[in-house]
Amino acid sequence: MNQNIINARVTFRNAPIHILEKFTLRDIENAYEQFKKHSGLDECVIIQTCNRIELFGKSKTYDKEKIKKTWASLAGLEEEMCNENLEFVENQEALHHLLKLTSGLDSMVIGEEQILGQIKNSITSARQVKASSQHLNTLFDKAIRIGTRIRNSSGIGKGGVSVGSMAVKLAEENIDELKTKKILLIGTGEVSTLVAKSLQRRGYAFDVTSRTMGRSHTFCETMGGEPVKFEEVLSGFDNYDVLFVATTAPYFLVTHERIMEAMKEKKNGMMVLDLSNPRTVDEKVATIGGVKLMNLDQIAEMVEKNMNARLNKVKSIENIINEEVSVLEASMKRLDAEPLVKDVFKSIEYLREKEFRKALQMLDEKDEKKIKIIEELTKAVVESIVSTPMNNIRKASEQGKPDVLELASKLFDYKKQNQAD
Ligand SMILES: NC(=O)c1ccc[n+]([C@@H]2O[C@H](COP(=O)([O-])OP(=O)(O)OC[C@H]3O[C@@H](n4cnc5c(N)ncnc54)[C@H](OP(=O)(O)O)[C@@H]3O)[C@@H](O)[C@H]2O)c1
């Protein structure tokens, strides 16, 4: 490719949750600005979910070190941390990885739906702030379409395994007689919905709390559970034996002090499952006697044990992805020819229009019908002469022949001629 597509990432696959959360880019708009300004990237898309923080970029030349430096400065990290944890791939491998993402193959719960929505949101917001442009917009649109097709044809997402159901299973495995325990769900977003569905399906009663009481009410109307006031809950964790916490709060909601206080009142233990990234439960609560804390790392382990049915489908999806990557790569390479093709068409159109007007003046023709015929004739002549070399340029670009592009841009250099007019 004349242009490079790069991917820099840190994901749950190579980093535990306490490392992963450190790479969070809190101000995405600023991050786009900085990556473009300091890393040699001229297009960017950032994907940030609980399991991954990824940067896709487009550039003719780029500098890995500068990307690491910019990331480190944005997240407030030592550069060493970026050296140890950031993975880099480019071009074919980057496209391959994006297809794994959209088809759900790189997710913790293979085939889960959330990632597709998250990728759609990422490219939409990158488009809005003009961080992405022709290359990445085309790439993401195509990758989303391919991923959706793969999911539909393989049925990879079927079978009811989700982060929510895994969290409930983890609670069941660690607590005797879960049915007799008081369960609280903190959060009313997507993940809480998955937890609530699973609790409901397995017949567990639970309370739900969220900053806005209205949101808890609406949530409980559709997902089940009893809404409880947020402030009361925060100062009264002693009423609960199991907490599922899934919020995007930028600080610890479940603090060491609050759980210490709760445990003074409680005779039995407490299990806290933090599904958030960044975490919203202070890990120090694990040091309190009788408290068992689990987070996304343990859920990842549990998921691994439960993915056998889906894993059978992975091989055949990998094969589809391998075929799709070459098609996708060809379309990306083809894009490299577009600026030249566009310029040539624009220049030739300018020349055609100029010669057409000149001829009309000489003929002093007033008959609209005849003028139209002459104009259509000039357009048809231009089209039939230019379309073949332009398609050949596109083909050469698709086949990775930048020398043809270079030569063509010299041969079709109309700038001087246009400037002379
Ligand atoms: N989506 C996934 O696939 C997935 C998978 C695993 C883990 N996670 C992690 O799970 C967490 C929740 O994700 P989600 O997708 O469910 O998010 P979401 O749909 O955006 O919901 C966010 C929830 O967090 C609450 N919240 C936000 N700021 C808060 C604050 N300052 N104090 C208290 N509550 C606050 C919101 O409550 P109100 O807006 O009502 O106040 C809402 O209930 C995230 O940390 C995410 O990284 C997500």
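Residue numbers run from 1 in the order of the sequence given. Every heavy atom of this structure was used, including side-chain atoms; hydrogens, water molecules and symmetry mates were not. Counting convention: from 1, in listed order, for ligands and their atoms alike.
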Check whether any N or O atom of [X], backbone or side chain, sits under 3.5 Å from an N or O atom of ligand 1, and answer yes or no.
X: V191; answer: yes
X: P250; answer: no
X: Y251; answer: yes

Distance from [atom] to nearest protein heavy atom, with residue and atom:
atom: atom 10 (O) of ligand 1; value: L275 O, 3.2 Å
atom: atom 15 (O) of ligand 1; value: E190 CB, 3.6 Å
atom: atom 30 (C) of ligand 1; value: A249 CB, 3.4 Å
atom: atom 27 (C) of ligand 1; value: T248 OG1, 3.1 Å
atom: atom 41 (O) of ligand 1; value: R211 NE, 2.6 Å
atom: atom 45 (O) of ligand 1; value: N277 N, 2.9 Å

Going through the checks in order, is the side-chain hydrogen bond (donor to acceptor under 3.5 Å, both in side chains) test met by N91 and E329?
-> CA-CA 8 Å; N91 298 329; E329 196 180 17; over 6 Å; no
Kindly give the heavy-atom pair with the smallest separation between R52 and D106, and that separation in Å.
-> NH2-O, 2.7 Å
Heavy-atom closest contact (A262 atom, M270 atom, distance) = CB-CE, 4.3 Å
Check ion pair K333-E398 (N to O, under 4.0 angstrom) | no
Among [options], whose heavy atom sits nearest [atom]?
atom: atom 40 (O) of ligand 1; options: S192, S210, C50; answer: S210
atom: atom 38 (P) of ligand 1; options: Q118, Q114, R215; answer: R215
atom: atom 18 (P) of ligand 1; options: G189, S162, S107; answer: G189
atom: atom 44 (C) of ligand 1; options: I186, L185, T247; answer: T247
atom: atom 43 (O) of ligand 1; options: V208, T188, N51, T209; answer: T188

Could you tell me, atom by atom, which parts of ligand 1 come under 4.0 Å of a heavy atom of [X]?
X: G187; value: 43 (O)
X: F230; value: 33 (C)
X: T212; value: 40 (O)
X: S276; value: 9 (C), 10 (O), 11 (C), 45 (O)

When you look at E172 and R202, which way does the salt bridge (charged side-chain N to carboxylate O under 4.0 Å, His left out) test go after all the steps?
-> CA-CA 10 Å; E172 279 176 336; R202 288 159 188 255; 2.6 Å; yes
Pair E376-K372, salt bridge (charged side-chain N to carboxylate O under 4.0 Å, His left out): steps then yes or no | CA-CA 6 Å; E376 290 306 321; K372 189 86 194 138; 3.5 Å; yes
Proximity to ligand 1 by part of T193, non-hydrogen separation under 4.0 Å = neither
Validation row: E261, D238 side chains within 4.5 angstrom (heavy atoms) = no
Taking the side chain as every heavy atom from C-beta outward, state whether C50 and L296 have any pair of such atoms under 4.5 Å apart.
-> yes
Is the number of heavy atoms from other residues, nucleotides or ligands under 6.0 Å of D27 CG greater than 12?
-> yes
Do K182 and N239 pass the side-chain hydrogen bond (donor to acceptor under 3.5 Å, both in side chains) test, and can you show the C-alpha distance, the side-chain angles, and the key distance before you say yes or no?
-> CA-CA 7 Å; K182 279 281 284 173; N239 291 323; over 6 Å; no
Start with the C-alpha gap between N391 and R394, add the side-chain angles, then the distance that decides, and say whether side-chain hydrogen bond (donor to acceptor under 3.5 Å, both in side chains) holds.
-> CA-CA 5 Å; N391 283 338; R394 286 181 171 128; 3.3 Å; yes
How far apart are the C-alpha atoms of S132 and N137, what are their side-chain angles, what is the distance that settles it, and do they pass the side-chain hydrogen bond (donor to acceptor under 3.5 Å, both in side chains) test?
-> CA-CA 6 Å; S132 61; N137 290 345; 2.6 Å; yes
